Amino acid sequence: MSPRFAEVVLPLPLATPYTYRIPDELADRAIPGSRVVVPVRRRSLTGIVTAIGVEAPAMAARDIEAALDPEPSVPAALLELARWMSGYYGAPIGLAVKLLLPTAFWGTASGAGERTERVLALASERLTLVERDERFRRRPRQRALYETVEALGGSAPVRHLMEQLGFGDGLIRALARSGAASIEQNERLRDPFAGVTGTPPPARATTAQEAALAGIARLGPGTGALLLGVTGSGKTMVYLEAVRRELTAGRGAIVLVPEIGLTPQTVSRFRGAFGDQVAVLHSALSDGERADAWRLLRRGERRVAVGARSAVLAPVANLGLIVIDEEHESSYKNGEAPRYHAREVAGVRARIEGARLLLGSATPSLETVARTRLPAGDPAALVRLDLPDRIESRPLPPVEIVDLRTAPLAPGTGSVAWSVALDEAIGAALGRGEQVILLLNRRGFAAFLQCPDCGSVRHCPDCTISLTVHQTPPVLRCHYCGHEEPVPSACAECGGIVQRMRGVGTQQLERLVSERFPDARIGRMDLDTTSTKWSHQRILEAVERREIDILIGTQMIAKGLDFPNVTLVGVVDADTGLNLPDFRAAERSFQLLAQVGGRAGRGPRGGKVLVQTRCPDHHALVHAARHDTEAFLVEELALRQNPPAPPVQSLVNLVVSGLNEIEVGATAARVADWCQRIIDRHGLPVVVLGPAPCPVARIKERWRWHAVLRGPSRDLGRLVRTAARSLARRRREPAIVIDRDPVSML
Ligand code: ADP
Ligand code: ZN
């Protein structure tokens, strides 16, 4: 028999697969989608077979060393999706394929799919480094075993540890006896959500919900719809019912929620509706927990995957529906290569697998709205379904704009612009035993420290942004790189000893509110208070149990929460995001206001929203105050015509970064020239903007320049593919990043 060869993709930034010889004894297991162990230089790595029967390479191919899966780990449809991601976003195929399997699967351990075997599993509470030094001081082999199992995702088959990795039986049992790990007879399937009791879904759909469901039922395979429903209109019930119909038809579903929306409320609604059929892919899961959830989905033991962005790649069998809640959220865009947007990936996946796509939002992105205006039959066209009213016709809360330039301010509030209107409204709500949410989209104590004499502002030494003032503990901190320094007692420029804080942050607001309402129980939710595993959830539970009267927070609190006793939402400074140098600044501000406004008056007591601003005539504010999403979309879409911005035309952001400022600028100029030559050669209708320094011109000591390509998506695609090919072998500095359909231009 002539030798057979396989193409293997490794989970590394490599643009092309490698070719290996398939030894005869592995022929039935080394098939597309299977994990194989292959030699790479002097190491052995796990890769995925993407094709077999390929041509012999020019140089002698090495042999595949082992085939790990009795059944292919990766379904064919997902391999195809990874190829699309790699091509569309100009990212190495290796990085796209890497996303298809949980980290734990990329070890060289076999047995990921077998049902009964003895497994060594680490205790879920991992030892800290100090504890390891202590406990393993005289037992380096135990430590090596512990950390090997840790690297394999927290558990590994005993047989594999002994036969492939050479750990002794006695050593394995000693580690288990020590309590740091245990030996289990079966593969241990952990489910950290097992204890979550479900909220039963509403008994009957409303007429509007029925109409939306009928629209979803009419969708053909590979097509989709936008469900535009105001906050509190019952979109979630539509998702639940649509998913239930898929399950009844024997199909599975994926439900994506924004990272921050994966709250116990969300989990319990899906648990309540589908119980054990749901696998929750929370970002706080350990590698082992994630691997377990993945296995259950792959085997069809769980039929519904609920998760953030990356769940769009969950191996749900016989996929019928992909739901994306709050589809306008920027967290659906991946921040590293492949820089995919889950909404786009979901659309392509739906087409590949014949599933349907359901995008839901109260404040849809302009990209999605534009797709509802395409002629039916266009592959990107979306059907539009509306839920125009809140459940039980509860009114949307009245929004009152407080013009900070003229409104009376409460005395003695220091640098916080605090209107009498907001102060009195909070007092009144608390007096009635109701709850209040205060939004301030700026964490820390103050945005920056400024010397009133010379005007100088303290900047991060490594990034071109001002340092944020923090208290508890008092420190200046960079929100880009984490650089910290003590709060100076005098101005570094002129020696002036008075330092003024500008730009109120959530910490300062918390202090002010606790001074003005000393009896109120106050909670704060921002990145600084939610860094540990389930802290975000704990704060929300406290609000739900009414242990918090006033919840202060950044945009985190605006999303999807449903607390009927919240009757007042105060937006302390609506202008924080209005003037950012990004064409989506107005869209984001509108979305934030509309979302946070939707948190008020969810219950029978009603409620209202107060918005403090110095730009009361801005169209984002005016339309948000009237709850007029349609008018905002029309006005904003008109503004995107000239100069053209998405969705009218598409963008690719080419970002060059490096330590040497001159080199970065020069490289950016060469990149722009190179693009221009290709555009000229092929007569593409694409414009090159720049090169210019990025709005944030330096991050973590690296200077940043960019050139932006603007044009029809198809022509940009040609450029991206050409650029990706020519960058594939580049390992030099400065670094060049291709960001297609960027969500942030900063
Ligand atoms: P949205 O996701 O559109 O903001 P939700 O799905 O959270 O809205 O629904 C708002 C509230 O209305 C929730 O408390 C939900 O339980 C309730 N609700 C939704 N659909 C119905 C229904 N058909 N009958 C009764 N209550 C409903
Ligand atoms: Zn910094």
Side-chain angles (χ1 to χ4, degrees), residues 33-35 48 68-82 96-106 111-115 153-155 186-194 196 198 239-240 242-257 259 262 266-267 269-271 273-325 342 345-346 348-350 352-358:
S34 302
R35 294 179 304 150
I48 299 284
L68 299 179
D69 301 329
E71 303 283 330
S73 275
V74 178
L78 287 179
L79 271 188
E80 188 179 342
L81 193 62
V97 164
K98 186 180 178 188
L99 297 176
L100 300 179
L101 291 176
T103 320
F105 281 66
W106 290 109
E114 283 154 36
R115 269 157 198 267
S155 68
N186 276 309
E187 184 188 4
R188 208 174 106 204
L189 293 173
R190 286 152 293 194
D191 184 352
F193 298 97
V196 178
Y239 305 151
L240 291 173
V243 169
R244 180 192 314 287
R245 291 177 186 187
E246 294 299 326
L247 294 179
T248 309
R251 292 185 293 259
I254 293 173
V255 180
L256 301 186
V257 295
E259 187 70 59
L262 204 48
T266 314
V267 173
R269 278 168 159 190
F270 280 89
R271 283 269 164 172
F274 309 116
D276 281 349
Q277 306 223 63
V278 182
V280 181
L281 303 169
H282 198 285
S283 67
L285 295 184
S286 68
D287 285 350
E289 289 165 342
R290 182 172 306 277
D292 290 342
W294 192 95
R295 282 184 194 116
L296 289 167
L297 288 166
R298 179 81 174 107
R299 289 184 198 149
E301 288 170 35
R302 298 273 161 100
R303 315 283 307 286
V304 183
V306 178
R309 178 178 65 229
S310 61
V312 72
L313 301 169
V316 172
N318 195 9
L319 183 66
L321 178 71
I322 305 175
V323 174
I324 306 188
D325 187 26
V345 176
V348 173
R349 183 164 182 191
I352 293 173
E353 302 192 35
R356 278 146 297 243
L357 179 64
L358 179 60

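Treat the numbers as computed from the prediction; the structure is a model and nothing was measured.
- Distance check: Arg309 CZ to Ile324 CD1 gives 12.0 Å after rounding to the nearest 0.5 Å.
- For Ala77, the side chain to side chain contact (heavy atoms under 4.5 Å, CB included) test picks out Ile352, Glu353, with sequence neighbours left out.
- Contact between Arg290 and Pro102 at its shortest, heavy atoms only, is CG-CB, 4.2 Å.
- Scanning for salt bridge (charged side-chain N to carboxylate O under 4.0 Å, His left out) contacts around Arg244 gives Glu241, with sequence neighbours left out.
- Nearest approach of Ala104 to Ala291, heavy atoms of both residues: CB-CB, 3.9 Å.
- The shortest non-hydrogen separation linking Ala82 to Ala96 is O-CB, 3.5 Å.
- Closest approach of Leu256 and Ala308 over heavy atoms only: CD2-O, 3.6 Å.
- Between Ile48 and Leu79, the closest side-chain pair of non-hydrogen atoms falls below 4.5 Å.
- Looking only at distances, no side-chain donor or acceptor of Arg349 sits under 3.5 Å from a matching main-chain atom of Leu78.
- No donor-acceptor pair under 3.5 Å is formed between the side chain of Arg35 and the backbone N or O of Trp106.
- Ile254 pairs with exactly one of Leu319, Leu281, Leu313 by the side-chain contact (heavy atoms from CB on, under 4.5 Å) rule, that one being Leu319.
- Heavy atoms only, all atoms of each residue included: Ile322 and Ala346 are closest at CD1-O, 3.6 Å.
- Proximity of Leu81 to Val348: side-chain heavy atoms (C-beta onward) are separated by under 4.5 Å at one or more points.
- Remark: Arg303 pairs with no residue by the salt bridge (charged side-chain N to carboxylate O under 4.0 Å, His left out) rule, at least two apart or across chains.
- Under the side chain to side chain contact (heavy atoms under 4.5 Å, CB included) criterion, Ala253 pairs with Val243, Leu321, sequence neighbours left out.
- For the ring-ring contact (aromatic ring centres under 6.0 Å, His included) condition, no pair includes a residue of residues 301-322, sequence neighbours left out.
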Q.
Set out, in order, the CA-CA distance, both residues' side-chain angles and the distance that settles side chain to side chain contact (heavy atoms under 4.5 Å, CB included) for Arg271 and Asp276, then state yes or no.
A. CA-CA 7 Å; Arg271 283 269 164 172; Asp276 281 349; 3.7 Å; yes
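- Among pairs with a residue in residues 313-323, none fulfils side chain to side chain donor-acceptor pair (under 3.5 Å), at least two apart in sequence or across chains.
- Within the model, atoms CH2 of Trp294 and CG of Leu100 stand 8.5 Å from one another, a figure rounded to the nearest 0.5 Å.
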